[in-house]
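For reference, the structure is listed below as structure tokens.
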Amino acid sequence: MSGTLTQAGKQLAVKLLRAQAGTLFLLACTFSLATSYEYFWGVVGGGLTVMIPTALFAWRAFAQGGARAAQQVVSNFFAGEAIKISLTVILLVALLLLTSLPLVAVCSGYIAVLIVQWLAPILFLKST
């Protein structure tokens, strides 16, 4: 039973990451067609600052499951969330300070991928 719960969580995480990657790719292509390649990379960078921490969180949160591992599940969840928030801040600050990518593109990629994450419970409602 615990294996099926963690498998279901991992499958939902993969669906979320695929939806985020698709959104990121479409937005990046739209920006690059409308402006320049710098905007493409700005959108990609902004989107990856959400996707990478989300993937690490999912890996950490769904590492263990079951009633016997309840304490570990909760601690993995909180540790994963702390890693996610910290890494998001680090990546976003590094992207904005160390590159000369357009701020509009970086913020657009970040917000678009974050919105997909927020809408995931609605988008994947029938898959659970």
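Excluded from the calculations below are hydrogen atoms, water molecules and symmetry mates; all remaining heavy atoms, backbone and side chain alike, are included.
Hydrophobic cluster membership is shared by Ile122 and Ile115, with clusters built from Ile, Leu, Val, Met, Phe, Trp and Tyr side chains linked at under 4.5 angstrom. Hydrophobic clustering (side-chain heavy atoms under 4.5 Å, transitive across Ile, Leu, Val, Met, Phe, Trp, Tyr) keeps Leu119 apart from Val14. Tracing side-chain contacts under 4.5 Å through hydrophobic residues (I, L, V, M, F, W, Y), one never reaches Leu26 starting from Val116; they form parts of separate clusters. Hydrophobic clustering, with ILVMFWY side chains joined whenever heavy atoms are under 4.5 angstrom apart, groups Val106 together with Ile111. Linking ILVMFWY side-chain heavy atoms closer than 4.5 Å, directly or via other members, places Val43 and Val93 in two distinct hydrophobic clusters.
The backbone N or O of Ile83 lies less than 3.5 Å from no partner atom in the side chain of Ser86, so there is not a single donor-acceptor pair.
Contact record, Ser108 with Leu27: O-CD2, 3.6 Å, taken as the closest heavy-atom pair. The nearest pair of heavy atoms linking Glu38 to Pro102 is O-CD, 3.7 Å. Across Leu24 and Val44, no two heavy atoms sit closer than the pair CD1-CA, 3.9 Å. For the residue pair Leu101 and Trp41, the shortest heavy atom distance occurs at CD1-O, 3.8 Å.
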Between Thr49 and Val113, does a side chain to side chain contact (heavy atoms under 4.5 Å, CB included) hold up when you go through it step by step? CA-CA 9 Å; Thr49 60; Val113 174; over 6 Å; no

Run Thr88 and Phe57 through side chain to side chain contact (heavy atoms under 4.5 Å, CB included) and show every step you take. CA-CA 11 Å; Thr88 300; Phe57 168 77; over 6 Å; no

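Paired with Thr99 under the rule side chain to side chain contact (heavy atoms under 4.5 Å, CB included), one option of Leu96, Leu97, Leu95 passes, and it is Leu95.
In this structure, the side chains of Val74 and Phe77 stay at 4.5 Å or more apart for every pair of heavy atoms. The shortest side-chain heavy-atom distance between Lys84 and Thr54 falls under the 4.5 Å cut-off. Between Leu91 and Leu48 the shortest side-chain heavy-atom distance does not fall below 4.5 Å.
One distance of note links CZ of Phe40 with OG1 of Thr35; it measures 11.0 Å at 0.5 Å rounding.
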